[in-house]
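Down below is the structure, laid out as structure tokens.
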Amino acid sequence: MKVAAIQMVSGTQLKANLQSARGLLEQAASQGAELAVLPEYFCTMGHKDTDKLALREAHGEGVIQQFLASTARTLQMWVVGGTLPLQTTTPDRVHNTTLVFNPLGDCVARYDKIHLFQFDNGREQYDESRVIEAGATPVQFDLQARDGHRWRVGLSVCYDLRFPELYRAHALAGADLMLVPSAFTHTTGQAHWEVLLRARAVENLAYVLAPAQGGMHENGRHTWGQSMLIDPWGIVLAQQNQGEGVVVGTLGADRLRAVRQQLPALTHRVL
């Protein structure tokens with residue numbers, strides 16, 4: 001099955017970001033991708049953390065969700081909406097949410113980001129908890145490819161990548177493909193992005209597809225990019241450095257099965 005990681009350099013304007021995302025998703029579909037995944041914050045990279053509040057939507061309603069559903073339906077492709085801001089029970093918080101749409105345009109899975117990014121090196125300072133309410137539940141979904149093979153897909157977002165216990169938790173254990181839509185900073189990405197992604201692939205004997213923000217943004221933030229697809233042996237199959245683009249690669253059920261048979265680490269008891 002062909003899959004695509006969509007790399008963006010999102011700005012502050014929703015309409016422009018959606019137009020850019022649509023063009024990139026069309027490119028993915030034209031290359032035969034059955035699943036395309038947008039990066040974290042694909043719909044906005046605002047000037048302030050609180051800019052997310054103006055774009056929040058109720059689950060099942062809103063411009064961003066309509067865009068994702070109609071695009072999946074039109075392109076006849078599974079579309080994973082990176083993250084978008086969904087309402088919480090309090091007016092000053094949103095969930096940073098991944099939504100999955102099947103080729104019929106139905107939303108079949110929702111994951112609210114559990115681990116919220118915090119970083120302060122004296123020059124850059126981030127704290128997502130200022131406006132984001134953490135989720136609590138790991139999520140998987142089943143994707144049936146056009147050839148009939150069923151893939152078990154685990155959802156995660158960006159900073160989750162630093163918490164290997166999430167990927168080995170019962171709710172994500174055994175996933176064949178793990179998605180990691182992200183907006184890693186240039187500083188942390190340069191140091192840790194690829195090694196963390198490859199580690200998650202190796203220790204879970206699973207494919208990892210990681211679309212990212214990648215470039216210098218309108219708000220002054222610099223993201224690392226390097227969207228990539230990694231196989232269960234930790235081999236990087238496809239990637240892109242900086243700038244908008246589409247990273248397309250192929251998942252192999254035979255490859256997955258062979259690696260898990262050769263190295264049956266997932267069958268061992270976890271203490």
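Please read all numbers here as calculations on a predicted model, not as lab measurements.
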Nearest 0.5 Å please: distance from the [atom1] atom of [X] over to the [atom2] atom of [Y].
| X | Y | atom1 | atom2 | result |
| --- | --- | --- | --- | --- |
| Leu209 | Leu35 | CG | CG | 6.5 Å |
| Glu61 | Gln87 | CD | CD | 8.0 Å |
| Ser227 | Met8 | OG | CE | 11.0 Å |
| Leu84 | Phe67 | CG | CZ | 11.0 Å |
| Gln140 | Leu179 | CD | CG | 10.5 Å |
| Ile64 | Leu99 | CD1 | CG | 9.5 Å |

Under a 4.5 Å cut-off applied to non-hydrogen side-chain atoms, are [X] and [Y] in contact?
| X | Y | value |
| --- | --- | --- |
| Gln125 | Asp127 | yes |
| Ser182 | Leu161 | no |
| Lys48 | Asp51 | yes |
| Leu251 | Leu256 | no |
| Leu24 | Val246 | yes |
| His149 | Met1 | no |
| Arg200 | Ile230 | no |
| Glu40 | Lys113 | yes |

Would you tell me whether [X] and [Y] have side-chain atoms, one donor and one acceptor, within less than 3.5 Å of each other?
| X | Y | answer |
| --- | --- | --- |
| Thr223 | Gln213 | no |
| Thr185 | Glu124 | no |
| Tyr41 | Ser10 | no |
| Tyr111 | Asp160 | yes |

Donor-acceptor pair, side chain of [X] and main chain of [Y], under 3.5 angstrom:
| X | Y | result |
| --- | --- | --- |
| Gln242 | Trp224 | yes |
| Asp106 | Val108 | no |
| Arg56 | Pro91 | yes |
| Thr12 | Gly46 | no |
| Gln240 | Glu244 | yes |
| Thr188 | Phe184 | no |
| Ser30 | Gln27 | yes |
| Arg73 | Leu68 | no |

For [X] and [Y], work out which heavy atoms get closest and say how close.
| X | Y | value |
| --- | --- | --- |
| Cys43 | Pro85 | SG-CD, 3.9 Å |
| Asn96 | Thr83 | OD1-OG1, 2.8 Å |
| Leu205 | Ala265 | CD1-N, 4.0 Å |
| Gln7 | Asn241 | NE2-O, 3.0 Å |
| Ala4 | Ala33 | CB-CB, 3.9 Å |
| Phe101 | Ala72 | CB-CB, 4.0 Å |

Verify same cluster id: [X], [Y] (apolar side-chain graph, 4.5 Å):
| X | Y | result |
| --- | --- | --- |
| Leu25 | Val247 | no |
| Val208 | Val3 | yes |
| Val79 | Val248 | yes |
| Trp233 | Leu237 | yes |
| Phe163 | Met178 | no |

Does the plane of the ring in [X] sit parallel, tilted or perpendicular to the ring in [Y]? Use 30° and 60° as the thresholds.
| X | Y | value |
| --- | --- | --- |
| His222 | His186 | parallel |
| Phe117 | Tyr159 | perpendicular |
| Tyr207 | Trp151 | perpendicular |

**Message:** Test side-chain contact (heavy atoms from CB on, under 4.5 Å) on Gln65 and His59; report intermediate values, then the result.
**Reply:** CA-CA 8 Å; Gln65 292 170 82; His59 189 202; 3.7 Å; yes

**Request:** Run the numbers on Glu34 and Arg146 for side-chain contact (heavy atoms from CB on, under 4.5 Å), then give the verdict.
**Result:** CA-CA 8 Å; Glu34 296 184 46; Arg146 293 169 190 160; 3.2 Å; yes

**Prompt:** Pick one: which of Thr98, Leu166, Val139 meets side-chain contact (heavy atoms from CB on, under 4.5 Å) with Ser156?
**Reply:**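 Result: among Thr98, Leu166, Val139, Leu166 is the only option passing the side-chain contact (heavy atoms from CB on, under 4.5 Å) with Ser156.
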
**Item:** Stepwise side-chain contact (heavy atoms from CB on, under 4.5 Å) test for Leu75 and Glu26
**Value:** CA-CA 7 Å; Leu75 299 180; Glu26 288 175 351; 4.0 Å; yes

**Message:** A quick test of your reading: do over 12 heavy atoms of other residues, nucleotides or ligands sit less than 6.0 Å from CD of Gln31?
**Reply:** yes

**Asked** Is the closest basic N to carboxylate O distance between Arg260 and Asp176 below 4.0 Å?
**Response**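 Answer for the salt bridge query: yes.
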
**Request:** May I have the step-by-step check of side-chain contact (heavy atoms from CB on, under 4.5 Å) for Asn17 and Phe42, ending in yes or no?
**Result:** CA-CA 7 Å; Asn17 292 330; Phe42 80 96; 5.8 Å; no

